[in-house]
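Notes for the one structure printed next.
Just so it is clear: chains get the letters A, B, ... in the order the sequence lines come, proteins before strands, and each one is counted from 1. Bear in mind that the values here come from a model prediction, so they are computed numbers and not experimental data.
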There are 2 protein chains.
Amino acid sequence: MKLSTKGKYGVRALFEIARQYGQGPLSIKEISERQKISLSYLEQILHRLGKAGIIESVRGPHGGYVLARRPAEVTIGDVVRALEGPIALSHCLEPGFGSECYQADDCVARMVWTKVGEKIEEALDSISFEHLLQQYHGKDRELVPGKKRAVAGKGAC
Amino acid sequence: MKLSTKGKYGVRALFEIARQYGQGPLSIKEISERQKISLSYLEQILHRLGKAGIIESVRGPHGGYVLARRPAEVTIGDVVRALEGPIALSHCLEPGFGSECYQADDCVARMVWTKVGEKIEEALDSISFEHLLQQYHGKDRELVPGKKRAVAGKGAC
DNA sequence: TAATACTTGACAAAATTAGTCAGGTTTGTT
DNA sequence: AACAAACCTGACTAATTTTGTCAAGTATTA
């Protein structure tokens with residue numbers, strides 16, 4: 001049960017865009033630098049978020065990306081679904097999969113994965129970027145000497 | 001957001017063992033046939049479930065596997081954790097991962113994945129095999145002519 | 001006219017998954 | 001004691017997915 005980097009990067013990228021909300025677009029380059037995500041890879045990710053209607057692009061100089069809705073109306077679930085596809089724990093729950101399961105009507109497992117999937121969606125959708133911003137601003141932002149804010153390390157969330 | 005076949009097969013295999021609860025052990029071969037899972041692969045899966053203390057093995061002729069606890073005390077979460085490892089949506093939440101995240105204290109994403117992970121665990125742990133058995137027995141077991149119970153198909157849950 | 005975004009597609013290294021195979025070892029029955 | 005049924009262990013591999021990189025061009029607007 002892991003998230004792909006696409007999902008994780010997506011949330012981080014969108015967090016930067018959300019921070020900028022109401023202050024004009026944020027360029028890919030800027031996001032790439034702030035979140036240390038490769039520019040080419042980020043392009044793929046933002047493109048998908050655009051197609052999903054979560055962000056909008058502004059072309060030309062000083063262009064970039066803007067949230068398509070208010071931060072309170074964009075959830076982690078939106079991002080995960082856009083980047084990782086529908087949350088179908090089991091193959092048989094994916095759209096387009098008919099009644100090909102050989103367990104036919106008896107499928108108890110199907111019930112399980114459906115129920116768990118619903119709970120996951122619920123959890124993902126209960127967190128909006130508004131929440132993230134609040135969480136972020138609630139923290140101590142002072143830079144105490146010796147307290148590093150961005151330290152090189154092996155990875156990121 | 002997918003489950004591996006290990007997790008899915010594990011639930012199906014354990015369901016068979018749970019059905020047999022109180023009636024002696026169920027052999028691998030039997031499970032393999034009932035659930036159409038390769039015997040060798042099933043061996044790996046059952047071994048892991050054994051190490052996790054979910055099932056116990058009975059050796060010798062007429063041996064097999066038995067639930068180590070009552071069906072009500074074995075949850076889907078137990079199985080998934082045993083077969084897919086701890087539910088750590090992000091790398092940085094895995095046991096053994098120190099404070100290597102370069103986002104250091106500022107990591108808002110960490111908060112998100114932690115919270116979502118907790119909800120997923122909650123969902124997985126809320127379903128026991130007792131529930132599955134009830135669900136199974138609650139259904140209509142009569143074999144109406146023309147209503148197949150196990151039909152060959154492209155896959156299973 | 002330059003900065004920025006959008007589109008498309010090919011490519012590839014690395015990791016994970018899904019499973020196979022080949023031998024063990026242990027136990028209970030006969 | 002022998003044998004078969006059942007579990008145990010670990011190596012191996014093929015396929016798939018993930019995680020990116022790279023290139024080359026088009027469109028838009030300050």
Any donor-acceptor pair, under 3.5 Å, between the side chain of A:Glu43 and the base of C:dT8, if you only look at N and O atoms?
no
Determine, step by step, whether B:Phe15 and B:Tyr136 satisfy the ring-ring contact (aromatic ring centres under 6.0 Å, His included) criterion, reporting the C-alpha distance in whole Å, the side-chain angles of both residues, the deciding distance to 0.1 Å, and the verdict.
CA-CA 10 Å; B:Phe15 175 67; B:Tyr136 182 73; 5.3 Å; yes
Quick one: B:Ile17 CD1 to D:dA6 C1', roughly how many Å, whole number?
14 Å
I'd like to know whether B:Trp113 forms a side-chain contact (heavy atoms from CB on, under 4.5 Å) with A:Ile76, so could you lay out the CA-CA distance, the side-chain angles of the two residues, the decisive distance to 0.1 Å, and finally the verdict.
CA-CA 10 Å; B:Trp113 307 131; A:Ile76 301 291; 4.0 Å; yes
Let me know the distance between CG of B:Leu83 and C1' of C:dT16, rounded to the nearest Å.
16 Å
Are B:Arg19 and B:Glu16 close enough for a salt bridge, meaning some N to O gap below 4.0 Å?
yes
Considering just the side-chain nitrogens and oxygens of B:Ser4, establish if one lies under 4.0 Å of OP1 or OP2 belonging to C:dT16.
no
Which nucleotide in the list C:dT27, C:dT20, C:dA18 gets nearest to the side chain of B:Ser38?
C:dT20
Of C:dG28, C:dA18, D:dT28, the nucleotide closest to the side chain of B:Pro61 is C:dG28
Protein-nucleotide distance (A:Leu3, atom CG; D:dT19, atom C1'), rounded to Å
14 Å
Take A:Glu56 and A:Gln44, find for each the nucleotide of DNA chain C with the closest heavy atom, and name the residue whose nucleotide sits nearer the 5' end.
A:Glu56
Go through D:dG20, D:dC7, C:dG19 for me and flag the one nearest to the B:Ser57 side chain.
D:dC7
What is the separation between atom CD1 on B:Ile45 and atom C1' on C:dG19, rounded to the nearest whole Å?
10 Å
Think B:Ser40 has a side-chain N or O under 4.0 angstrom from the OP1 or OP2 of C:dG19?
no
Euclidean distance, atom OH of residue A:Tyr9 to atom C1' of D:dT18 [Å, nearest integer]
11 Å
Donor-acceptor under 3.5 Å (A:Ser32 side chain, A:Ile37 main chain):
yes
Taking D:dA30, D:dT19, D:dA6 as options, the one with an atom nearest any side-chain atom of A:His62 is D:dA30
Both A:Gly60 and B:Gly60 contact DNA chain D. Taking the nearest nucleotide for each, which residue is further toward the 5' end?
B:Gly60
So if I take every side-chain heavy atom of B:Arg59 and compare against D:dG20, D:dC7, C:dT20, which nucleotide ends up nearest?
D:dC7
Value in whole Å for how far the P atom of D:dA6 lies from CG of B:Leu42
13 Å
Which nucleotide in the list D:dG20, D:dC7, C:dG19 gets nearest to the side chain of B:Tyr65?
D:dC7
Between B:Ile127 and B:Leu132, is a side-chain contact (heavy atoms from CB on, under 4.5 Å) present by the stated rule, with each step listed?
CA-CA 8 Å; B:Ile127 306 175; B:Leu132 290 201; 4.2 Å; yes
Contact summary for A:Leu83 and A:Arg48, nearest pair of heavy atoms
O-NH1, 3.2 Å
Can you tell me which nucleotide in D:dC7, D:dA30, D:dC8 comes closest to the side chain of B:His47?
D:dC8
What nucleic acid atoms does A:Ile28 come within less than 4.0 Å of, heavy atoms only: base, sugar-phosphate, or nothing?
sugar-phosphate
Heavy atoms under 4.0 Å, any strand shown: does B:Gly64 hit a base, just sugar-phosphate, or nothing?
sugar-phosphate
Between atom CD in A:Glu30 and atom C1' in C:dA3, what is the gap in whole Å?
15 Å
Tell me: OH of A:Tyr41 to P of D:dT18, nearest whole Å?
9 Å
Given C:dA5, D:dT18, D:dG20, identify the nucleotide with an atom nearest to the side chain of A:Ser27.
C:dA5
